[in-house]
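Basis for what follows: all heavy atoms, side chains included, without hydrogens, waters or symmetry-related copies. Residue numbers start from 1 in every chain, and the chains themselves are labelled A, B, ... in the order their sequence lines are given, proteins ahead of strands.
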2 protein chains.
Amino acid sequence: MPTTDTKETILDAAETLFAEQGFAATSLRQLTQRAEVNLAAVNYHFGSKDELVKAVLLRRIEPINAERRRRLDALSSPSLEDIVRAFLEPALRAIDQCGPTSDGRSNGLARIFGRVTVEQPSFLRAFFTEQFGELAHRFVTALQATATNIDAQDAWLRMHFTVGAMAHTLQSAHMLTEISGGACGANDAEALVEQLVAYAVGGFDAKGVSQ
Amino acid sequence: MPTTDTKETILDAAETLFAEQGFAATSLRQLTQRAEVNLAAVNYHFGSKDELVKAVLLRRIEPINAERRRRLDALSSPSLEDIVRAFLEPALRAIDQCGPTSDGRSNGLARIFGRVTVEQPSFLRAFFTEQFGELAHRFVTALQATATNIDAQDAWLRMHFTVGAMAHTLQSAHMLTEISGGACGANDAEALVEQLVAYAVGGFDAKGVSQ
DNA sequence: GTCTATAGAACGATAGAC
DNA sequence: GTCTATCGTTCTATAGAC
């Protein structure tokens, strides 16, 4: 087997560029040039740009969601914080395993997750429901069982808020540094986990609004 | 003066399409066709596509940020919730004044704010700092003075989390409906304000992590 | 499985008539 | 201020040699 796999090389370059520029703004020409492979290789290995996008996302999402399931299953009589951690930590921890992007901002895995959450081409809609639907239901059910002061409507909304906080942090950590005038960075993944968990637990713990 | 201003017509169409598809994925051809104006009109009135993007954003951001400033100034010895409301309500209220997009999802103003927060073409970076920098500093200072259990680092991060929760809610409310299997929509703007405020206040109120 | 070459369409932008 | 026409570029995707 070759030491550098063309398919993997393409996925790496695509991940970096999608994170930096978004899916629509990244062309296959730019991508294959960065990966130092031939332009036609993308269509040969993935069929189309759309399928490449899915492959890039799937490579990261699958192990993270598997870990989320594993951790949720391992909890018996969990606290609110246990559940929030089971959801957030697998995603935030995975970031440590990837290097920074070429533009010197936060790393590729981090920012592509932000992209995933917001830039939703229509061809990815079914993909998202497939990848996150069942898992989201399980987390919302667990949260609702634990935080007895909120109902299903509250639990879903707060889950949504939490995903937004996570995604924005992953995607736009550099903006925080820039706008705060350097007063606040978000580079230490371990500290970021604790900050986000504290915030989300506080949010989930607030008195329900719907009921 | 004409009853339908070309410039305004272009801004309206651009706002809708940018919200639905993102900036990069929306072409001037599609945009001018939707607006029923000539292709050349965009370059005549705005100079370039990049400048059009800025104009679309500025039209909405300016009054909202002005209202945020006004409300923050009006507060004396504010509570945490007062400050959070002063930040969130102007944005969420403005949504009620715009109609839905053509794809039947949440409305254009709502979703373009989500776009703004995540899809950050490099030419918009200075624009963001200019539009939000001073205001963000003022809010963070106010928050830190009120929530005495958090330091500057905590305050900045939690402000960032809150922006993410807000943006994701505005941008992807339809995803919530889809993934929850209809168990939760996010259509009532007034209820959404209360939900988001409750969550954010809970988040800000959590014990600080940095210190 | 990797390449060159190119088809075929869409892009942003502009020149110049009216 | 609005139009047509078009320039020059870039795009995704594919056909076909090796």
When rounded to whole Å, the CD to P distance for the pair B:Glu36 and D:dT2 reads 14 Å

Taking only heavy atoms on the protein side, list every residue of residues 42-53 of chain A lying under 4.0 Å from any atom of DNA chain D, sorted numerically. A:Asn43, A:Ser48, A:Lys49

Do A:Gln195 and B:Asp154 meet the criterion of a side-chain donor-acceptor pair at a distance under 3.5 Å? yes

Letter per nucleotide, 5' to 3', of nucleotides 5-10 of chain C [B base touched, S only sugar-phosphate touched, - untouched; heavy atoms, 4.0 Å]: ------

Between B:Arg93 and B:Glu190, does at least one N-O distance fall below 4.0 Å, as a salt bridge requires? yes

Would you find a donor on one side and an acceptor on the other, under 3.5 Å apart, between the side chain of B:Ser27 and the backbone of B:Gln30? yes

Is the phosphate of C:dT2, meaning OP1 or OP2, less than 4.0 Å from a side-chain N or O of A:Thr6? yes

May I ask you to say what A:Thr26 touches in the nucleic acid, namely base, sugar-phosphate or nothing, with a heavy-atom cut-off under 4.0 Å? sugar-phosphate

Check step by step if side chain to side chain contact (heavy atoms under 4.5 Å, CB included) holds for A:Leu52 and A:Leu11. CA-CA 8 Å; A:Leu52 171 62; A:Leu11 285 174; 4.0 Å; yes

Is B:Arg115 salt-bridged to B:Glu20, cutoff N-O under 4.0 Å? no

Counting distance only, does the side-chain N/O of B:Arg34 pair as donor-acceptor with the main-chain N or O of B:Ala13 below 3.5 Å? no

Spacing of A:Leu31 atom CG relative to D:dC11 atom P, expressed in whole Å: 11 Å

Give every residue pair that meets the salt bridge (Lys or Arg N to Asp or Glu O under 4.0 Å) criterion with at least one member in residues 155-180 of chain A, sequence neighbours excluded. A:Glu178-B:Arg125

Compute whether any side-chain donor of one residue and acceptor of the other, for B:Thr162 and B:Tyr199, lie under 3.5 angstrom apart. no

Would you list the pairs meeting side chain to side chain donor-acceptor pair (under 3.5 Å) in which at least one residue belongs to residues 35-54 of chain B, sequence neighbours left out? none

Using five pairs at either end of the helix from C:dG1-D:dC18 to C:dC18-D:dG1, determine the angle between the two local helix axes and round it to 10 degrees. 0°

Name all residues meeting the side-chain hydrogen bond (donor to acceptor under 3.5 Å, both in side chains) criterion together with B:Arg59; count only those two or more places apart in sequence or in a different chain, and write none if there are none. B:Glu8, B:Asp12

